[in-house]
Every structure is written in structure tokens, then in C-alpha cells.
Amino acid sequence: LDTQRSTQEYQAIDASHHIHAFIDQKALNAEKPRVITKGYGAYVEDSDGNRYLDGMSGLWCTNIGYGRKDLVAAAAKQMEDLSYYNMFFHTTHPAVIELSNRLFDFLPKRYSHVVYTNSGSEANELLIRTVRRYWDVVGKPSKKILIGRWNGYHGSTVGSASLGGFKFMHEMGDLPIANIAHIGEPYWYAHGGAATPEAFGLTSAQELEATILALGAENVGAFVAEPFQGAGGMIFPPASYWPEIQRICRKYNVLLCADEVIGGFGRTGEWFSHQHFGFEPDTLTIAKGLTSGYVPMGGLVLSRHMADTLVENGGVFAHGLTYSGHPVAAAVALANINALDQEGIVERVKNDTGPYLQKLLHETFSMHPLIGEIQGQGFVAAIQFAQNKATRTLFENETEVTWRCRTLGFEEGVIVRSTAGRIIMAPTLVMTRDQIDELVEKTHRAVNRTAQELGLL
Ligand SMILES: Cc1ncc(COP(=O)(O)O)c(CNc2cccc(C(=O)O)c2)c1O
């Protein structure tokens, strides 16, 4: 990697050999991608020397910030000591043991075991098989159906994409697989109509009960959802939603599975975002902030009840990946969560910088002609674009509008995420108040330029 190429050279070689994610590659080859070359703290640089404040932590994952020498040292030392070993055939290694021991210091006490993967998708793939295995072991093998949500995101493998509710993803590969169902999303701004958020939260949750009854409770094994939707638009449900979902799952003996790939490891100011919403999931899917993206790693966290059932009565747990609990990933994850804890970073997001960000966003955007809603908690937030705030009318071409705003953000020196009609930020948890000021100010400039182009300012 010591070759210093021009941006043009990078782009030409990239276009010749590399298919990117979620993109029309032909269009990208014409538009050409930015080549991100460096990262330090809350900033990244591209191959032309432009510096950007990263308001998205890469992809919601660089919680600890870029360029941490302690994580680099942890990876290097582990590589020198034991670059790889596995948990097949009666072996294990100290890195994954020490990580597992430490991980449960930050998880609610109802959880006792974890199965490691390399990604969130693989962890949700495993979730499908583990849920079905659990019901087999307890003698209810017909409880095979897992219910997800439209516009939920759980990954891009066959099962995890099926669990997710992105219809354009289902079209690639004839998804969803059998025994996966979906209910609507608790997105009040777009779908709440005249209902109050409180009422809409209940009616959204009660769609789960209707669907369970339609499918037959004896056939439904789990409900799978993000505590707040991430890739679907950073959507927080009304406060009435999750307690009602939990009541329904308990009533029909349906496992409640929270996907904490985005919400985990301090993103909202709690270690895990479900802790804000008043429910107690049976499983947690984790990835991203587990290693702060320095090395790929994911996992499926199990409640003590589920784990004991599978261990005591389950016999062979027929799953395993070559790199499950990879020693280098485990060593980096351990250094990462130790830093998040020992430097008080999660605490600071909860009590200082998180409230500061949320307050500044409301002060900056609540009266803005283009912004109809601001949602968020800790270091995750979304601003909702509206053509008419009074009637909550969205832009017909909302995806283009917010994509344009994101592009203007790059010109202003900030990276934010655009999803249909919403601009999202999920900054690195180490951001200072000054950097938060910079984040909001640069995003404000991009939003104002977008409004001017729309003739709204
Ligand atoms: C809630 C959730 N669950 C599972 C996954 C899949 O994890 P892996 O990617 O590691 O397999 C995710 C991933 N989330 C994700 C991934 C890529 C892009 C974006 C976006 O917001 O554009 C979001 C996620 O957000």
C-alpha cells in the first residue's frame, strides 16, 4: 500500500475491478467515487487532501474515532502472538475469552452467552437458525416464522435481507425466504396521519398482534426489530410502541429479538439503545461499535434462559464460521470497549455531549422552513425534510432532495447520511462540543443551500 496514486488512477483501477455496495456501478463509474485515504479522531481525508468532519462514523460504526494507537497496538500484538485460531474441535484462545468476560460487564444481567460472527448480517442469519433451533428444543417446532418490519434493515445475506423490509433488496434473489413475515414501521411523521404519536405507537404495535393471530401463534417464533430504525431513516418509534410490542410477544410466547448493530456500544448514551425504550429483548444482535469498525466482528447475544436451554438440552449447535471470535478482532474489540468505558466516553455522550448535540439540533432546525421533525438520542439524530410542515407533506422526490443536501454537505466539509427525506447524523462518540458546533453549522449550511435551490429560502 505504499503506492501513492493520483485520484484519477485510483478511480480508474477501482472501476475496472471493484463492484461497490448498493449502487448502480455504471452510474458510479461515470460519477467517480471519492477516495477516502486517512482518518484521525472525528475527521477523514480524501485523495485530493480534502478534510471532512465525519458525521456518520463511517457507517455508524467508528464509535471510538479514527487513528487510535491503542487499538492498532492491540491488533499488532495479537497478530504477533496468535494471528488466528478457532473454536472448532475443542479449542479456544485467550483473546475471545477475555472479550467475552468483559463484554458481559456492559450487557444487562439477563444475558449470559454470545456467538461471534464477522458481521451483523451473519449474526442475523444465525438468529433465524437459533430461534428455530430453540423452539425445536423446547418442543414447539412449528414456531418457525420470524416477523420483521417493512423498512427495517438487518443485513444483506439471504436470511438477514429477508428479515429486513427493503423490497428492492428482496427483488435480488427471490427473497424473502419462507416463513418470514413483515409488519409496518412505527414512522409517525410519514404514516401517522391525524393520530397522535402516542396513539400511532399503539396501533403500529398492535399490527404485530393481528399478524401473529393471522399466522397462528403456534407458528410464530420471534419478532425481530431495531430499537430505532437506522438505515430505514433513523426513526424513533413513539414511546408507547415498545412496551406494547413486549406485551404482545409475552402474550403469544414469541421471542423478542433486538437488532443493536447500530444502537449498541454507546451510540445513544446507553451501552445498548433498547435500554431507552422500556423493553427486555431475548436476544441482541451486535456488530459495528463492538470493534469501532477497526476489524470486522459481529455477534448474537443470548438470554440466560435461551442459552441454558440450548446448552443443556440442545445437543450439537450446528453452526460455525472459520473466523468466529477471530483473535485479532477479539483483541481489538476488548481494547475498544475498555477505552469506551475507561475514558468515560459513553457516560459523556449520555450526560454531556449527547444532550448538547440534541439541544443544538433543535435550536438550529426546529424553526427551519424545510425541517418538519428532529428526532434523536445521544449521538444519533435525524432531521426530516417536509415540503409543507403544517400538513407534514413530504417531497415527492425526497430521496433526491436529501441526497443533494448530502452532496452539499461534502462541499461544506461534513459527511452526513441521506435516506428518503431525512438527513441523518451518527458522529464518532469522541466528538467535542466544538466539533459538534462544526457538525451542526456545516450541516445547517448544506440544508440552507438545499432550501435555496428549492426556492424555499
Ligand atoms: C441494524 C442492522 N443490522 C444488521 C446490519 C448488517 O451488518 P453488516 O453490514 O455488518 O453485515 C446493519 C448494517 N447497517 C448498515 C450497513 C451498511 C449501510 C448502512 C446505511 O445506513 O447505509 C447501514 C444494521 O444497521
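Counting convention: from 1, in listed order, for ligands and their atoms alike. As the structure is a prediction and not an experimental result, all values here were calculated from the model.
Within a 6.0 Å sphere centred on OH of Y85, other residues, nucleotides and ligands contribute 12 heavy atoms or fewer.
Contact check on E98 versus R102 returns no salt bridge, with no Lys/Arg side-chain nitrogen under 4.0 Å from an Asp/Glu carboxylate oxygen.
Every protein residue with a heavy atom nearer than 4.0 Å to ligand 1 is included here: L59, W60, S119, G120, S121, N124, Y153, H154, G155, E226, A231, D259, V261, I262, K288, R417.
Side-chain atoms of L360 and L439, non-hydrogen and from C-beta on, never get closer than 4.5 Å to each other.
Below 30°, between 30° and 60°, or above 60°: for F265 and F272 the angle between ring planes is above 60°, a perpendicular geometry.
Of the N and O atoms on the side chains of E244 and Q206, at least one donor lies less than 3.5 Å from an acceptor on the other residue.
Partners of D24 under the side-chain contact (heavy atoms from CB on, under 4.5 Å) rule, at least two apart in sequence or in another chain, are K26, A27.
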